[in-house]
Amino acid sequence: MELIKIMESRISVRSFKPEKIDRKTVLDVLEAGRIAPSACNYQPWVFIVIDEPEILKKLYNAYPRDWFALVPQLIIICGDYSASWKRPVDGKEHCDFDISVATDHITLMATEKGLGTCWVCNFNPHTVSKVLNLPENIKPLVILPIGYPEFTNDVKEKKRKKIEETVYFNGFSTDHNLTPDYIG
């Protein structure tokens with residue numbers, strides 16, 4: 001599939017078939033995250049695949065939603081803040097950015113393989129850390145349910161701002177300088 005088509009077709013899936021994804025496919029999807037770019041190539045990520053029912057039940061307590069209780073597999077995407085780049089001029093931490101890029105790569109590869117995902121960030125990280133026995137420097141940042149979508153609906157047009165509302169050339173101004181030939 002063409003990359004732009006993958007991007008356009010990626011949606012948040014909250015209803016999965018109960019079958020698990022085979023290990024090879026999971027590893028193929030995670031390879032996309034592994035090769036993602038990161039600040040100064042520090043690669044401060046850790047991916048933890050959860051497919052054991054008893055661990056999934058424990059993790060439900062970190063995000064108690066009805067649909068989440070039925071997810072057959074999760075990828076917990078963690079950041080290692082002791083291994084991430086900090087901008088020298090102001091100490092700006094880049095771990096969160098790096099994890100976002102890796103997560104996006106994973107979701108796009110999953111989409112390309114016919115799998116569904118849903119970024120979950122509104123969870124209790126203390127619960128996840130305790131269940132997974134994470135060391136202090138490893139922080140869970142994204143819970144990514146992954147599986148075969150229960151429903152295959154056509155993707156409706158996504159609500160997005162117009163390009164002329166988000167793009168500026170040569171500095172910020174109210175005049176975007178986007179002429180019709182730029183917009184197409």
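Keep in mind that the numbers below use all heavy atoms, side chains included, and drop hydrogens, waters and symmetry copies.
Looking at residues two or more places apart in sequence or on another chain, you find a side-chain contact (heavy atoms from CB on, under 4.5 Å) between K92 and R87, D90, H94, F97.
When hydrophobic clusters are built by joining Ile, Leu, Val, Met, Phe, Trp and Tyr residues whose side-chain heavy atoms come closer than 4.5 Å, directly or via intermediates, I106 is not grouped with V46. Tracing side-chain contacts under 4.5 Å through hydrophobic residues (I, L, V, M, F, W, Y), one reaches F47 starting from L115; they form part of the same cluster. Placement of W119 and V29 within a single hydrophobic cluster is found when ILVMFWY residues are connected by side-chain heavy-atom separations under 4.5 Å, directly or transitively.
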Kindly list each side-chain donor-acceptor pair under 3.5 angstrom involving residues 63-83, sequence neighbours excluded, with atom names and distances?
from: Q73; atom 1: OE1; to: I21; atom 2: N; distance (Å): 2.5
from: Q73; atom 1: NE2; to: I21; atom 2: O; distance (Å): 3.4
from: D80; atom 1: OD1; to: S82; atom 2: N; distance (Å): 3.0
from: D80; atom 1: OD1; to: S82; atom 2: OG; distance (Å): 2.6
from: D80; atom 1: OD1; to: A83; atom 2: N; distance (Å): 3.4
from: D80; atom 1: OD1; to: N137; atom 2: ND2; distance (Å): 2.8
from: D80; atom 1: OD2; to: N137; atom 2: ND2; distance (Å): 3.4
from: Y81; atom 1: OH; to: D96; atom 2: OD1; distance (Å): 2.3
from: S82; atom 1: OG; to: N137; atom 2: ND2; distance (Å): 3.1

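Among all heavy-atom pairs drawn from S15 and F151, the shortest one is OG-CE1, 3.5 Å. Residue V142 comes nearest to C121 through the heavy atom pair CG2-SG, 4.1 Å, listed as atom of the first residue, atom of the second, then distance. Closest non-hydrogen pair, I146 versus F16, comes out as C-CE2, 3.8 Å.
A distance of 13.0 Å separates CE in M109 from OG1 in T117, rounded to the nearest 0.5 Å. For the atom pair SG of C118 and CG of L144, the computed distance is 8.0 Å after rounding to the nearest 0.5 Å.
Under a 4.0 Å N-O distance rule, the pair K57/E54 does not qualify as a salt bridge.
Using modelled atom types, one finds a donor on one side chain and an acceptor on the other under 3.5 Å when comparing S84 with K86. T25 and D22 share a donor-acceptor pair across their side chains, judged by distance under 3.5 Å alone.
For CD of E19, the number of neighbouring non-hydrogen atoms (other residues, nucleotides, ligands) closer than 6.0 Å is greater than 12.
Results of the side chain to side chain contact (heavy atoms under 4.5 Å, CB included) test with I143 over I48, V120, I50 single out V120 as the only residue that passes.
V101 belongs to no hydrophobic cluster, as no Ile, Leu, Val, Met, Phe, Trp or Tyr side chain comes under 4.5 Å of its own.
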Dump the intermediate steps for salt bridge (Lys or Arg N to Asp or Glu O under 4.0 Å) on K17 and E150, then the final yes or no. CA-CA 5 Å; K17 294 179 181 175; E150 184 69 44; over 6 Å; no

Please walk me through it: do L59 and T127 pass side chain to side chain contact (heavy atoms under 4.5 Å, CB included)? CA-CA 7 Å; L59 290 171; T127 300; 5.7 Å; no

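Between the side chain of S38 and the backbone N or O of Q43 there is at least one donor-acceptor pair closer than 3.5 Å.
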